[in-house]
Q: 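Got a structure for you, written out below as structure tokens; questions coming shortly.
When reading the values below, keep in mind they use all heavy atoms of this one structure, side chains included, and skip hydrogens, waters and symmetry mates.
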Amino acid sequence: MGDDHAMQTEAACSILTIDLTAVTDNWRLLRDRAAPAACAAVVKADAYGLGIDPVAPALADAGCTLFFVATLDEGLRLRGLLPQVEVAVLGGLLPGTAPIFLRDRLIPVLNDLGQVERWRAETAKAGQAAPAILHVDTGMNRLGLDPQETEKLAADPALLEGIEITYVMTHMACPDEPSHPLNAAQLTRFRVALASLPGAKGSLAASSAIFLGPDYHFDLVRPGAALYGVNPTPGAPNPMRQAVRLEGRVLQVRHVDRGEGVGYGATRRCDKPSKIATVATGYADGYLRALSNRGVARIAGHEVPMIGRVSMDLLTFDVTDLPEGLVYPGGLMELLGEGYTPDDAARDAGTIGYEILTSLGSRYARHYIGAGA
Ligand SMILES: *Cc1c(COP(=O)(O)O)cnc(C)c1O
């Protein structure tokens with residue numbers, strides 16, 4: 001009965017397949033590339049939309065022992081999934097949260113001197129030293145101690161009493177543009193900050209900076225997007241494996257006369273008698289409306305152009321030129337995958353692969369394949 005229900009509903013859904021082996025292979029590639037630096041995994045935003053529940057345990061099985069999340073809630077969720085791993089929370093240590101961090105052995109990323117003091121007070125109260133990561137800003141101006149605060153801290157080590165600083169980290173603004181002058185500037189400022197905090201291990205590189213070379217690796221790298229298949233080296237071939245495949249369910253195939261419009265706003269008219277496939281995916285599923293008249297689907301090696309606007313629940317593709325019998329109600333067309341990657345969709349939508357992945361919706365039937373699935 002239950003199985004029956006699953007089978008029936010699945011037959012009406014678009015399907016999102018996530019390859020956990022691609023994710024763990026990507027982690028191993030980055031780990032090897034960054035060695036002897038250690039390699040963490042950033043699994044914020046539900047592992048960039050792929051699903052933290054299956055993704056984080058697969059990465060832990062592959063050997064990852066340190067995970068970064070954005071929020072305390074994400075940290076608690078990950079702690080529940082993986083009692084043994086180290087979990088660092090990038091958002092920092094907000095007022096009132098220190099006891100929760102301590103109780104659940106979460107590592108706060110300390111972003112200002114107030115947070116340093118808060119953690120020092122909490123560890124003193126508990127009578128135990130506890131780890132933290134210190135975030136220094138080197139030019140991104142988003143999170144982290146500003147240079148004056150870093151100087152203050154360096155001049156007064158007592159401020160860190162009872163805190164075990166496992167890493168000093170910073171984050172880069174332009175690592176996907178190798179020739180951007182801010183890269184070298186941030187590298188220099190980070191070296192200065194590190195030298196002022198003796199004994200501290202360093203962490204600077206997210207996905208793209210790993211490919212700027214060993215100068216940028218320090219003791220720990222923190223890749224996110226590249227784990228999930230986004231190209232960390234835009235402009236050069238993608239060294240990562242694709243981890244997501246999205247297949248849209250065809251609901252109807254219809255014949256449309258020459259001169260007729262398709263979809264909201266009738267933004268595109270058929271210049272000949274046409275065949276339109278309507279697919280059960282839309283902007284409510286995170287298929288960005290900016291892909292209207294631009295997106296591409298694939299079926300059996302053929303590329304099929306979108307025609308008309310992206311609706312909330314529906315997409316329309318022009319399948320006029322496809323061989324007879326390839327597209328039929330209940331069948332599937334590939335909306336994302338090897339042939340049209342999240343980076344390709346991002347280019348067509350005027351965004352980045354990160355946003356395509358983190359927008360992936362909750363209405364798909366999700367299949368996990370590969371390592372640990
Ligand atoms: C999101 C994030 C990362 C991971 O960045 P990617 O570009 O996805 O690899 C690393 N460090 C910090 C501070 C971040 O916010």
Q: For Ala346, is there any backbone N or O sitting under 3.5 Å from a side-chain donor or acceptor partner on Thr351?
A: no
Q: So Leu153 and Leu159, side-chain contact (heavy atoms from CB on, under 4.5 Å) or not? Walk me through it.
A: CA-CA 7 Å; Leu153 203 59; Leu159 294 175; 3.7 Å; yes
Q: I'd like to know if Arg249 pairs up with Glu247 as an ion pair, taking the criterion as any Lys NZ or Arg NE/NH1/NH2 lying under 4.0 Å from an Asp or Glu carboxylate oxygen.
A: no
Q: Is a side-chain donor or acceptor of Asp104 paired with a backbone partner of Leu106 at a separation under 3.5 angstrom?
A: no
Q: Can you tell me if Arg222 and His171 form a side-chain donor-acceptor pair at under 3.5 Å?
A: yes
Q: Kindly work out whether a path of hydrophobic side-chain contacts (I/L/V/M/F/W/Y, heavy atoms less than 4.5 Å apart) joins Ile165 to Leu145.
A: yes
Q: Distance from Leu134 atom CG to Leu197 atom CG, nearest 0.5 Å?
A: 6.5 Å
Q: Run the numbers on Asp313 and Arg363 for salt bridge (charged side-chain N to carboxylate O under 4.0 Å, His left out), then give the verdict.
A: CA-CA 10 Å; Asp313 319 298; Arg363 283 197 294 189; 2.9 Å; yes
Q: Sub-3.5 Å donor-acceptor pair from the side chain of Arg105 to the main-chain atoms of Pro83, do we have one?
A: yes
Q: Where is the tightest heavy-atom contact between Gly295 and Tyr340, given as atom of each residue plus distance?
A: CA-OH, 3.7 Å
Q: Using the side-chain contact (heavy atoms from CB on, under 4.5 Å) rule, take Leu251 and Leu314 through it: C-alpha gap first, then chi angles, then the decisive distance, then the call.
A: CA-CA 9 Å; Leu251 298 176; Leu314 300 170; 3.5 Å; yes
Q: Return yes if a side-chain donor-acceptor contact under 3.5 Å exists between Asp343 and Thr341, otherwise no.
A: no
Q: Side chains of Thr281 and Ser14: donor-acceptor distance under 3.5 Å anywhere?
A: yes
Q: I'd like to know if Lys275 pairs up with Asp321 as an ion pair, taking the criterion as any Lys NZ or Arg NE/NH1/NH2 lying under 4.0 Å from an Asp or Glu carboxylate oxygen.
A: no
Q: So, taking the atom named CG in Leu90 and the one named CG in Leu143, what distance separates them when rounded to the nearest 0.5 Å?
A: 8.0 Å
Q: Looking at side-chain heavy atoms only, is the closest gap between Asp61 and Thr24 below 4.5 Å?
A: no
Q: Set out, in order, the CA-CA distance, both residues' side-chain angles and the distance that settles side-chain contact (heavy atoms from CB on, under 4.5 Å) for Met240 and Leu227, then state yes or no.
A: CA-CA 7 Å; Met240 314 316 298; Leu227 296 173; over 6 Å; no
Q: With a 4.5 Å heavy-atom cut-off, do Asn26 and Tyr228 have their side chains touching?
A: no
Q: How long is the gap from CE on Met140 to NE2 on His135, to the nearest 0.5 Å?
A: 8.0 Å
Q: I'd like to know if Leu291 and Val262 are part of one continuous hydrophobic network [Ile/Leu/Val/Met/Phe/Trp/Tyr, side-chain heavy atoms within less than 4.5 Å].
A: no
Q: Please tell me if the side chains of Val304 and Ile299 come closer than 4.5 Å, counting only heavy atoms from C-beta onward.
A: yes
Q: At what distance, to the nearest 0.5 angstrom, does CG of Leu194 lie from OH of Tyr167?
A: 12.0 Å
Q: Please say yes or no: joined through hydrophobic side-chain contacts below 4.5 Å, possibly via intermediate residues, are Ile107 and Leu76 part of one cluster?
A: yes
Q: Please check if the side chain of Ser359 supplies one atom and the backbone of Glu355 the other of a donor-acceptor pair under 3.5 Å.
A: yes
Q: Using 4.0 Å as the upper bound for N to carboxylate O, is an ion pair formed by Glu149 and Lys152?
A: no
Q: Any donor-acceptor pair under 3.5 Å linking the side chain of Asp348 with the backbone of Ala345?
A: no
Q: State whether the side chain of Ser274 and the backbone N or O of Cys270 hold a donor-acceptor pair below 3.5 Å, judged by distance alone.
A: no
Q: So does Pro232 get a backbone contact from the side chain of Ser208, meaning a donor-acceptor N/O pair under 3.5 Å?
A: yes
Q: Between Pro147 and Val192, is any pair of side-chain heavy atoms under 4.5 Å apart?
A: no
Q: Check Ala132 against Ile163 and note the closest heavy-atom contact, atom names and distance.
A: CB-CG2, 3.7 Å
Q: With heavy-atom distances below 4.5 Å as the criterion, would you say the side chains of Tyr283 and Leu288 are in contact?
A: no
Q: Are Tyr216 and Leu187 packed together at the side-chain level, in the sense that at least one heavy-atom pair is separated by less than 4.5 angstrom?
A: yes
Q: Answer whether the closest heavy-atom distance between the side chains of Val168 and Val136 falls below 4.5 Å.
A: yes
Q: Would Met312 and Met306 show up in the same hydrophobic cluster when neighbours are defined by side-chain heavy atoms closer than 4.5 Å?
A: yes
Q: Salt bridge check, Asp53 against Arg366: does any charged N sit closer than 4.0 Å to a carboxylate O?
A: no
Q: On a heavy-atom basis, which atom in Gly261 and which in Arg269 lie closest, and how many Å separate them?
A: N-NH1, 3.6 Å
Q: Would a single hydrophobic cluster contain both Val244 and Tyr368, if residues Ile, Leu, Val, Met, Phe, Trp and Tyr are joined by side-chain heavy-atom contacts under 4.5 Å?
A: yes
Q: Can Leu204 and Met172 be said to form a side-chain contact (heavy atoms from CB on, under 4.5 Å), step by step?
A: CA-CA 7 Å; Leu204 168 141; Met172 295 188 67; 3.2 Å; yes
Q: Please report the closest heavy-atom contact between Pro175 and Leu212, naming both atoms and the distance.
A: O-CD2, 3.8 Å
Q: Can you tell me if Arg79 has over 12 outside heavy atoms packed within less than 6.0 Å of its CZ?
A: yes
Q: Do Ile276 and Phe317 have side-chain heavy atoms sitting under 4.5 Å apart?
A: no
Q: Show, in sequence, the C-alpha distance, side-chain angles and deciding distance for His367 and Glu10, and conclude whether the side-chain hydrogen bond (donor to acceptor under 3.5 Å, both in side chains) test is met.
A: CA-CA 11 Å; His367 290 186; Glu10 164 123 4; 2.9 Å; yes
Q: Please find the pair of heavy atoms, one from Glu334 and one from Glu338, that lie closest to each other, and give the distance.
A: OE2-N, 3.9 Å
Q: Would you say the side chains of Asp73 and Thr71 form a donor-acceptor pair under 3.5 Å?
A: no
Q: Do the rings of Tyr354 and Tyr48 sit parallel, tilted or perpendicular, given the 30° and 60° boundaries?
A: tilted
Q: Output yes when a side-chain donor or acceptor of Asp112 lies under 3.5 Å from a complementary backbone atom of Gly114, and no otherwise.
A: yes
Q: Verify, without hydrogens or angle tests, whether Ser207 (side chain) and Pro223 (backbone) share a donor-acceptor contact under 3.5 angstrom.
A: no
Q: Do you see a donor-acceptor pair shorter than 3.5 Å between the side chains of His255 and Glu260?
A: no
Q: Charged N to carboxylate O below 4.0 Å: is that the case for Lys44 and Glu74?
A: no
Q: Hey, is CZ on Arg298 packed in by over 12 heavy atoms from elsewhere, all under 6.0 Å?
A: yes
Q: Looking only at atom types and distance, does a side-chain atom of Trp119 sit under 3.5 Å from a main-chain N or O of Pro131, one as donor and one as acceptor?
A: yes
Q: Measuring from Leu16:CG to Leu50:CG, what's the distance to the nearest 0.5 Å?
A: 7.0 Å
Q: Measure the CG-CG distance between Leu20 and Asp25 for me, rounded to the nearest 0.5 Å.
A: 11.0 Å
Q: Between Thr267 and Asn293, does the side-chain hydrogen bond (donor to acceptor under 3.5 Å, both in side chains) criterion hold? Intermediate values first, please.
A: CA-CA 8 Å; Thr267 54; Asn293 284 312; 3.0 Å; yes
Q: Write down the atom of Lys201, the atom of Asp219, and the distance for their closest heavy-atom approach.
A: CA-OD2, 3.2 Å
Q: Are more than 12 heavy atoms, taken from residues, nucleotides or ligands other than Arg254, located less than 6.0 Å from that residue's CZ atom?
A: no
